[in-house]
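Report on one structure; see the data block that follows.
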Amino acid sequence: MSPLKDYLKTIANYQIQGDENQKVTQIHFDSRKVVPHPKGGVVYIAQRGTQTDGHQFIASAIQNGANIIVCETLPLEVDPNITWVVVPDSSKALGHFAGQFYDHPSEKLKLVGITGTNGKTTTVTLLHHLFMSLGYPTGMLSTIVNKINNREVEATHTTPDALQLNALLNEMVEAGCEYCFMEVSSHALVQGRVEEIHFTGAVFSNITHDHLDFHHTFASYIAAKKSFFDNLPKTAFALTNIDDKNGLVMVQNSAAQISTFSLRSGSTFKGKILDDSFEGVHVKFNEQELFLRLSGKFNVYNLLAIYGIARLLGIEDEELLPKMSELKSAPGRFQVIPSPTGAIGIVDYAHTPDALKNVLTTIREITQNSAEVITVVGCGGDRDAQKRPVMAEVACKFSNKVILTSDNPRTEDPQQILRDMEAGVPMEFKRNVLTIESRREAIKTACMMLPPNGVLLVAGKGHEKYQIIQKTKHHFDDVEELINHFNAQ
């Protein structure tokens, strides 16, 4: 256990009242989790969140046993028996405290962070599979699940809070992991969840309109992503997709060693699609040809990023390419489900306009526009409402028929979400659109409408095995529903 003063060494412009030599025994940012310790040293960090302000619960934390309070502003009445630390930003302070408490585990791993709007989960999941198959003990932090080698740990956020993140990284170190691949969300960057985390490398996949309910403007969203690269040390690598118009913007002013990947122009890691099908894609990466068991241009970008990351981590082609050819799609990411009639079902997590366009474009390219495409799609409640009409418009533009349905309505009225989506349906396409609130009925109806040579895309929820209605999670699995309805035909 280290004394409080060691935790404050990396925090600028703090003020302290009380004993800085007491040893820290616990750290909490939820007052309900605070418990007394016989030696004291119980820290409560009052964060300002989007829903609640932790400063409101300082008295509760003290009552539960906290005797060190880290906050941005002191309460009106200051208990002289408590050690008070005033900092400019409590969320960032949590990162500093968490790193010190777990002895900076990120410095003991080769940690690579992936950021971008689309492709993070697929890239991280496939990297974990790849490096485990190469024989390297590897950790993973993703939207779907966290992994310590082959042990699964439930994931609750795209990027865990700073305490949980350092605890997981520490478990990986203790389990002998050499590498860790993690998704880094824009929320996490703004909220300081990766503060004091040491990255060996950072990767930018792409950026499109998303999360504007949180960031409010696209410029703020870009700035959040860019901050990841701005804070990299010169010892790290930064790998960026230069086919995205913001790809080079991301690495401006970065001290890291910059590499690029592209399907369209000269780059450090250059890719070319030779042939694409539902079974996989034949590509050339830096003059090396290989067949990959994933489909679509968007997946080729993910795989090209993976190739670049592996090469930057020192893996040679002779070892790397055979293992890359064995990789399979992440659950709920362009997951192909054949129907007994010969039709094709696809479940994909696409929940942004750009991701939906990518998936539908891939279907069109593979089928050469010869198949009827039916899309079932919804939009989540309590999330960015601006994209709802755009999602419907994209679905209509690239499909023959569309069924608008519920996603995770959460606390919003599902009918209002559907009305928001209907506003984006082009007038000339209205007769080809159905609105069915029940997701189960929507998928069932689409299966009944699907011709033998057709393709049915069920978009938006992907790997999720639940549907959130109000504040309750109900079991619901798009893959399971699709298989059941196909088999019932």
Next on the checklist: Against the six-membered ring of Phe131, is Lys110 placed for a cation-pi contact (under 6.0 Å from the centre, within 45° of the normal)?
Outcome noted: no
Next on the checklist: So, taking the atom named CZ in Phe261 and the one named CG in Asn241, what distance separates them when rounded to the nearest 0.5 Å?
Outcome noted: 4.0 Å
Checklist entry - Taking the side chain as C-beta and beyond, is there a heavy-atom pair between Val455 and Ile374 under 4.5 Å? => result no
Item to check | Donor-acceptor pair, side chain of Ser254 and main chain of Ala256, under 3.5 angstrom | outcome: yes
Next on the checklist: If I compare all heavy atoms of Phe278 with all of Val336, which pair ends up nearest, and what's the gap?
Outcome noted: O-CG2, 4.2 Å
Checklist entry - Side chains of Val70 and Tyr7: does their closest heavy-atom pair fall under 4.5 Å? => result no
Next on the checklist: Under a plain distance cut-off of 3.5 Å, with no hydrogens placed, do Glu422 and Thr435 share a side-chain donor-acceptor pair?
Outcome noted: yes
Item to check | Expected output: side-chain Ser90 to main-chain Gln47 donor-acceptor under 3.5 Å | outcome: no
Checklist entry - Has the side chain of Lys225 got a donor or acceptor atom that lies under 3.5 Å from a matching backbone atom of Gly116? => result yes
Checklist entry - Is it true that atom NZ of Lys92 has more than 12 heavy atoms of other residues, nucleotides or ligands lying nearer than 6.0 Å? => result no
Checklist entry - Has Lys272 got more than 12 heavy atoms of other residues, nucleotides or ligands less than 6.0 Å from its NZ? => result no
Next on the checklist: Distance check, rounded to the nearest 0.5 Å: Leu313 atom CG versus Glu178 atom CD?
Outcome noted: 11.0 Å
Checklist entry - Under 30°, 30 to 60°, or over 60°: which ring-plane class applies to Tyr349 and His463, parallel, tilted or perpendicular? => result tilted
Checklist entry - Can you tell me if Asp384 uses its side chain to pair, donor with acceptor, with the backbone of Gln386 under 3.5 Å? => result yes
Checklist entry - So, does Asn453 use its side chain to make a donor-acceptor pair with the main chain of Glu372 at under 3.5 Å? => result no
Checklist entry - Is a side-chain donor-acceptor pair under 3.5 Å present for Asp317 with Tyr307? => result yes
Checklist entry - In Å, rounded to the nearest 0.5 Å, how long is the span from CZ of Phe298 to CZ of Arg333? => result 10.5 Å
Checklist entry - Do you see a donor-acceptor pair shorter than 3.5 Å between the side chains of Thr117 and Tyr221? => result yes
Item to check | Trace of the side chain to side chain contact (heavy atoms under 4.5 Å, CB included) decision for Glu289 with His282 | outcome: CA-CA 7 Å; Glu289 288 191 26; His282 184 198; 3.0 Å; yes
Checklist entry - Does the distance from a Lys or Arg side-chain N to an Asp or Glu carboxylate O, for Glu480 and Lys465, drop under 4.0 Å? => result no
Next on the checklist: Please determine whether side chain to side chain contact (heavy atoms under 4.5 Å, CB included) holds for the pair Thr240 and Asn246, giving the CA-CA distance in whole Å, both sets of side-chain angles, and the decisive distance to 0.1 Å.
Outcome noted: CA-CA 9 Å; Thr240 188; Asn246 287 295; over 6 Å; no
Checklist entry - So, are Arg410 and Asp382 salt-bridged, with charged N and O less than 4.0 Å apart? => result no
Checklist entry - Asn206 side chain to Asp244 main-chain N or O, any donor-acceptor pair under 3.5 Å? => result no
Item to check | Side chain to side chain, Leu404 and Leu434, heavy atoms closer than 4.5 Å | outcome: no
Next on the checklist: Tell me whether Asn146 contacts the main-chain N or O of Ser142 through its side chain, where contact means a donor paired with an acceptor under 3.5 Å.
Outcome noted: yes
Checklist entry - Can you check side chain to side chain contact (heavy atoms under 4.5 Å, CB included) on Leu248 and Gln252, steps first, answer last? => result CA-CA 6 Å; Leu248 289 175; Gln252 284 177 353; 5.7 Å; no
Checklist entry - Does Ser406 reach the main-chain N or O of Pro409 with its side chain, forming a donor-acceptor pair under 3.5 Å? => result no
Checklist entry - Do Gln100 and His104 get their side chains close enough for a donor-acceptor pair, meaning under 3.5 Å? => result yes
Checklist entry - Would you find more than 12 non-hydrogen atoms of other residues, nucleotides or ligands less than 6.0 Å from Lys226 atom NZ? => result yes
Checklist entry - For Tyr466 and Phe476, what are the C-alpha separation, side-chain angles and deciding distance, and is it a ring pair (Phe, Tyr, Trp, His ring centres under 6.0 Å)? => result CA-CA 4 Å; Tyr466 56 82; Phe476 196 94; over 10 Å; no
Checklist entry - When you check the gap from the basic side-chain N to the acidic O, do Asp478 and Lys461 get nearer than 4.0 Å? => result no
Item to check | Heavy-atom closest pair, residues Leu239 and Ala305 | outcome: CD2-O, 3.6 Å
Checklist entry - Should we count NZ of Lys270 as having more than 12 external heavy atoms under 6.0 Å? => result yes
Checklist entry - Could you give the distance from NZ (Lys323) to CD1 (Ile315), rounded to the nearest 0.5 Å? => result 12.0 Å
Checklist entry - Would you call Asp103 and Lys108 a salt bridge, using N to O less than 4.0 angstrom? => result yes
Checklist entry - Do Asn170 side-chain atoms and Asn166 backbone N/O form a donor-acceptor pair below 3.5 Å? => result no
Next on the checklist: Any salt bridge linking Asp53 with Arg48? Criterion: basic side-chain nitrogen under 4.0 Å from a carboxylate oxygen.
Outcome noted: yes
Checklist outcome for this item: From the list Thr123, Thr143, Thr115, Thr125, side-chain hydrogen bond (donor to acceptor under 3.5 Å, both in side chains) with Glu183 holds only for Thr143
Next on the checklist: Using side chain to side chain contact (heavy atoms under 4.5 Å, CB included), reason through Ile306 and Leu130 one step at a time and then give a plain yes or no.
Outcome noted: CA-CA 9 Å; Ile306 289 165; Leu130 175 64; 3.7 Å; yes
Checklist entry - Does any N or O in the side chain of His128 come within less than 3.5 Å of the main-chain N or O of Ile148, such that one atom is a donor and the other an acceptor? => result no
Next on the checklist: Quick check: Phe204 with Phe228 (ring centres under 6.0 Å apart)?
Outcome noted: no
Item to check | Heavy-atom neighbours of Asn13 CG exceed 12 at 6.0 Å | outcome: no
Next on the checklist: Check Arg311 with Glu316, please: is the shortest side-chain N to carboxylate O separation under 4.0 Å?
Outcome noted: yes
Checklist entry - For Ser267 and Thr260, which heavy atoms make the closest approach, and how far apart are they? => result CB-OG1, 3.2 Å
Checklist outcome for this item: Val124 and Phe181 have their tightest heavy-atom pair at CG1-O, 3.4 Å
Checklist entry - Passes side chain to side chain donor-acceptor pair (under 3.5 Å), Glu464 versus Asn408? Steps please. => result CA-CA 10 Å; Glu464 294 176 354; Asn408 293 315; 3.0 Å; yes
Checklist entry - Any idea which heavy atoms bring Phe285 and Gly271 closest together, and the distance? => result CD2-CA, 3.9 Å
Item to check | Considering all heavy atoms, the nearest Cys396-Val425 contact | outcome: SG-CG1, 4.0 Å
Next on the checklist: Under 4.0 Å between a side-chain nitrogen and a carboxylate oxygen: does that hold for Arg293 and Glu326?
Outcome noted: no
Checklist entry - Side chains of Ser220 and Thr217: do they bring a donor and an acceptor to under 3.5 Å? => result yes
Checklist entry - Between CD1 of Ile468 and CG of Asp407, what distance do you get to the nearest 0.5 Å? => result 9.0 Å
Next on the checklist: What's the separation between atom CD in Glu196 and atom CG in Leu94, rounded to the nearest 0.5 Å?
Outcome noted: 11.5 Å
Checklist entry - Is it true that Arg388 and Glu412 make a salt bridge, defined as a side-chain N closer than 4.0 Å to a carboxylate O? => result yes
Item to check | Over 12 non-hydrogen atoms of neighbours within 6.0 angstrom of NZ in Lys471 | outcome: no
